[in-house]
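Have a look at the structure below, then the notes.
Chain letters run A, B, ... following the sequence lines, proteins first and then strands; every chain starts at 1. It should be emphasised that the depicted structure is a prediction, and the values quoted were computed from it without experimental measurement. The figures here come from the full heavy-atom set of this structure, side chains too, leaving out hydrogens, waters and symmetry mates.
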Amino acid sequence: MNIIDILQNGVLEGLKSLYGLDFTTDKIVISTTRKEFVGDYTLVVFPFTKDTRKKPEEVGEELGAYLKANAPLVADFNVIKGFLNLVVNDSFWLNFLANATQNEHFGRQPRLGKKVMVEFSSPNTNKPLHLGHIRNILLGWSCSQILDAAGYDVVKTQIINDRGIAICKSMLAWRSFGLGATPASTGIKSDHFVGQYYVLFEQKFQEEYKAWQQTEVAKAIFEQKHKPDQDEHIFFKQYKNDYFNQYSDLGRQAREMLLQWEAGDLGIRNLWKMMNNWVYQGFEETYFRLGVNFDKLYYESDTYLLGKEIIDQGLAKGIFYKKEDGSVWIDLTDAKLDHKLVLRSDGTSVYVTQDIGTAQVRYQDFSVERMVYTVADEQNYHFQVLFEIMKRLGEPYADGLYHLSYGMVDLPTGKMKSREGTVVDADDLMAEVIEEARQNMQERSEITDLSVEEREEIIRKIGLAALKFFIIKVQPKKRMVFDPKESVDMQGQTGPYVQNAYVRIRSILRRSATNSLNYADYTNLEVAEKELILKMYAYPDVIQSAAANYDPSEIANYCYDLAKMFHKFYHDFPILRAESEGAKHFRLQLITLIASVLKSAMELLGIEMPERM
RNA sequence: GGUCUCGUAGCUCAGCUGGAUAGAGCAACUGACUUCUAAUCAGUAGGUCUCAGGUUCGAAUCCUGACGGGAUCACCA
């Protein structure tokens, strides 16, 4: 039982016995004591003043005395204004420390026997991964790890958007202008290779579009359709899609290719397979570098036709309705949403339809109770609609659907745009941040005795930690700013700072020859020592909370807090040269647990700890 | 315009279901390595928590409204 629960119960009993009053636990607010006051936990007594008709100080004194006499855990208390500060028996903390150090799974919950699927990354196969994907991947990955630690059986998945007009653009450009070049023949990483042809298509298309704008047809369209406040430049910028669909020769070829693909044209399918395989190879490398993997892959080319049957069934049940033109809709206005199309008039599926079908397939494949979709917040509306539809269809897992929505990563200049070449590439970014770590390392002498390989491994861990921590420490739903020109920080509230705390501890433990620890005579804990123990006592709750909120930033901030407390402790107190053997042994035990919690917590974020740095 | 979302120090961010004097880091300035790794620690300075109401013993936190940023409102995915 958690200590806060025990204290709450004690307070309940106290209120009953002292005043004959019954309260519910939600009125009993207990939090950790602020560090400027004496105590471990603090009870807010204001809520009891009304019923007891006593002053807060009086109630505090009486409750404190009761707890001290009746709750074995409570060693002492003091009252300041309306706050009752409780001091918990040191033996409780010493016990906890000993037990937690023994428990190699400390913080992790026992298996619940419940399955949850986490979807993340889900890239298009026409270009390489960028900074936006990195936020997505790190969130999805750490969420998976956190749910696993909270007792769930997690299936990590991604849906690969391997079909559609965008992929055809890359294919068309390669076929028209590639002259048979391959990643192998050019030595370019294979997903970047394909991405180059996507960019090339856009360039050629822009040229074509510019030329067309000078034609009589174009001028006539401008005259006829432009709004009063639009000049030619603005108008044609917005007209681009229409041009692509109606007049563009390249657009016509791309659409044709898509139709051939859908018809199963062998040549097109082979080209598609070849280029997609290039992309997959490149993605694999990037995922590997990032340290992530998946348990199951879904491909849009397999799922894009799904969902129609469910729509038919729902139509029979009256959940959907059919318009005269044959299109099928659902009315969600009573859920404050709009009418939504689910089947086109030609009977084909749209985006939601696919997602409805895919969700059902996943449920059939894994019988998961919950599904987490890691997708940027621009799709909030889509997921509201999807989840509402699943509820109305009465799917058994409908209540377990969650959209892990996150804000875009902005550059200081604004939004990233692939067309304007302002995208920060994932591979480049990782390379840069590792280079940054290498630069920093050159001013240090700590690991000069190691081999080149060992040093490189450490540098890699530090660089990636800086990048990952920077991104994960921000709450998912908030937009964040990333300046690629400014090097990623390695000092202060960063990944390397947390790693450094771990490394310092490992260094001490390497030097200490002691294997059996005996600190039975060490009974008067320093305030700083107790604070550290309290912080670690909270670790399991932090995991639970992060899992419940699908929020890895809670773990990141916890890591930073704990590392900060340790760094200060390290500075203020000797460990190997402590004032007594008891103190030394106790502190060795303490920092052993700190190291293990830091390592465990950072692992939940996908961040590796070096032994030295 | 409707809906959703964000607004805390110059910058990047914490602040849990309302609780004590709103906290970190970066940048600036100052100090601490013959002592367990200075990627560290300590200090100075920096705030009308966007604004206005409301609920409450108590509001950065909850409610309403305004202002500002963003997203979204396709027979695209």
Proximity of A/Trp272 and A/Tyr299 rings by center, below 6.0 Å: no

Of the listed B/A14, B/U3, B/A39, the closest approach to the A/Lys336 side chain comes from B/U3

Whole-Å distance, A/Phe83 CZ to B/G58 P, equals 13 Å

(request) Please confirm whether the backbone N or O of A/Arg344 pairs with a side-chain atom of A/Thr348, one donor and one acceptor, at under 3.5 Å? (result) no

Please give the distance between the P atoms of B/U64 and B/G43 as a whole number of Å.
42 Å

Notebook entry, point to check: Can you tell me if the side-chain N/O atoms of A/Arg510 get under 4.0 Å from OP1 or OP2 in B/C36?
Noted result: no

Self-check item: Exceeds 12 heavy-atom contacts within 6.0 angstrom, atom CZ of A/Arg510
Solution: yes

When rounded to whole Å, the CG to P distance for the pair A/Asp51 and B/C57 reads 13 Å

Original post:
Less than 6.0 Å separating the ring centroids of A/Phe569 and A/Phe573?
Top reply: yes

Stacking between A/Tyr497 and B/A39, defined as ring centres under 5.5 angstrom apart with planes under 30°, is that present or not? no

Secondary structure of RNA chain B per the Watson-Crick/G-U criterion (both distances under 3.5 Å; [ ] crossing, | other strand, . unpaired) is (((((((..((((.....[...)))).(((((.......))))).....(((((..]....))))))))))))....

Checklist entry - Could you go step by step and tell me if A/Phe387 and A/Phe383 meet the ring-ring contact (aromatic ring centres under 6.0 Å, His included) rule? => result CA-CA 6 Å; A/Phe387 296 167; A/Phe383 282 102; 5.7 Å; yes

Using OP1 and OP2 only, check whether a side-chain N or O of A/Arg34 sits under 4.0 Å from B/G23.
yes

Fill in: Quiz item: A/Thr42 side-chain donor-acceptor pair to B/A20 base, under 3.5 Å
yes

- Message: Strictly distance-based, threshold 3.5 Å: is any side-chain N or O of A/Ser345 a donor or acceptor partner for the main-chain N or O of A/Gly326?
- Response: no

Q) Cationic tip of A/Lys169 within the cone over A/Phe244's six-membered ring, i.e. under 6.0 Å and within 45° of the normal? A) yes

| said: Any base atoms under 4.0 Å from A/Asp541, or only sugar-phosphate, or nothing? Heavy atoms, all strands. | reply: nothing

Checklist entry - What does A/Phe573 touch in the nucleic acid at a heavy-atom separation under 4.0 angstrom: a base, only the sugar-phosphate, or nothing? => result base

Under 4.0 Å between any heavy atoms, over every strand shown, what does A/Val503 touch: base, sugar-phosphate, or nothing? Just pick one.
-> base

When rounded to whole Å, the OH to P distance for the pair A/Tyr502 and B/A39 reads 18 Å

Exactly one of A/Asp162, A/Asn161, A/Asn276 clears side chain to side chain donor-acceptor pair (under 3.5 Å) with A/Thr125, and that residue is A/Asn276

Rounded to whole Å, CD of A/Glu443 lies from C1' of B/U40 at a distance of 15 Å

* Asked: Ring of A/Phe46 versus six-membered ring of B/G58: centres under 5.5 Å and planes under 30°?
  -> no

>> With a 4.0 Å limit, can you tell me whether A/Lys564 has a side-chain N or O closer than that to the phosphate oxygens OP1/OP2 of B/G25?
In response: yes

When we call it a touch if two heavy atoms are under 4.0 Å apart, what does A/Gln475 touch: a base, just sugar-phosphate, or nothing?
sugar-phosphate

Whole-Å distance, A/Asn549 CG to B/A14 C1', equals 15 Å

*Would you say B/A14 has OP1 or OP2 under 4.0 Å from some side-chain N or O of A/Lys478?*
yes

Check your understanding: Taking atom P in both B/C67 and B/U55, what distance in whole Å separates the two?
Key -> 24 Å

When rounded to whole Å, the NZ to C1' distance for the pair A/Lys81 and B/C57 reads 12 Å

Give a yes or no answer on whether the side chain of A/Arg612 reaches the backbone of A/Glu446 with a donor-acceptor pair at less than 3.5 Å. yes

### Task
For B/G10 and B/U5, measure between their P atoms and round to the nearest Å.
28 Å

Problem - Same-atom distance (C1') from B/A14 to B/G54, integer angstrom - result: 28 Å

Taking OP1 and OP2 of B/C36, is either one under 4.0 Å from a side-chain nitrogen or oxygen of A/Lys584? no

Has A/Tyr570 got a side-chain N or O lying under 4.0 Å from the OP1 or OP2 atom of B/A38? yes

* Asked: Quick one: does A/Thr374's side chain have a donor or acceptor within less than 3.5 Å of a partner on A/Glu119's backbone?
  -> yes

Contacts of A/Glu454 meeting salt bridge (charged side-chain N to carboxylate O under 4.0 Å, His left out) (sequence neighbours excluded), chain-then-number -> none

task = Indicate whether OP1 or OP2 belonging to B/U37 is found under 4.0 Å from a side-chain N or O atom of A/Arg511.
result = yes

- Query: Is a donor on one side and an acceptor on the other found under 3.5 Å between the side chain of A/His403 and the backbone of A/Val375?
  - Reply: yes

Contact string for nucleotides 69-77 of chain B, one letter per nucleotide 5' to 3', B = base within protein heavy-atom range under 4.0 Å, S = sugar-phosphate only, - = neither, reads -SSS--BSB

Atom OH of A/Tyr560 and atom C1' of B/C41 are separated, to the nearest Å, by 12 Å

query = Under 4.0 angstrom, heavy atoms only, what part of the nucleic acid is A/Leu337 near: base, sugar-phosphate, or nothing?
reply = nothing

### Query
For B/U37, does either OP1 or OP2 sit under 4.0 Å from a side-chain N or O belonging to A/Ser507?
yes

In whole angstroms, the gap separating P of B/C16 from CD1 of A/Ile555 amounts to 16 Å

inquiry  = Need one value for A/Pro47: base, sugar-phosphate or nothing, where a base atom within 4.0 Å counts as base even if backbone is also close, heavy atoms only.
reply    = base

Is any side-chain nitrogen or oxygen of A/Lys35 closer than 4.0 Å to OP1 or OP2 of B/A20? no

Any donor-acceptor pair, under 3.5 Å, between the side chain of A/Arg444 and the base of B/U37, if you only look at N and O atoms?
yes

Please report the distance separating the C1' of B/A9 from the corresponding atom of B/A22, rounded so that it comes out in whole Å. 11 Å

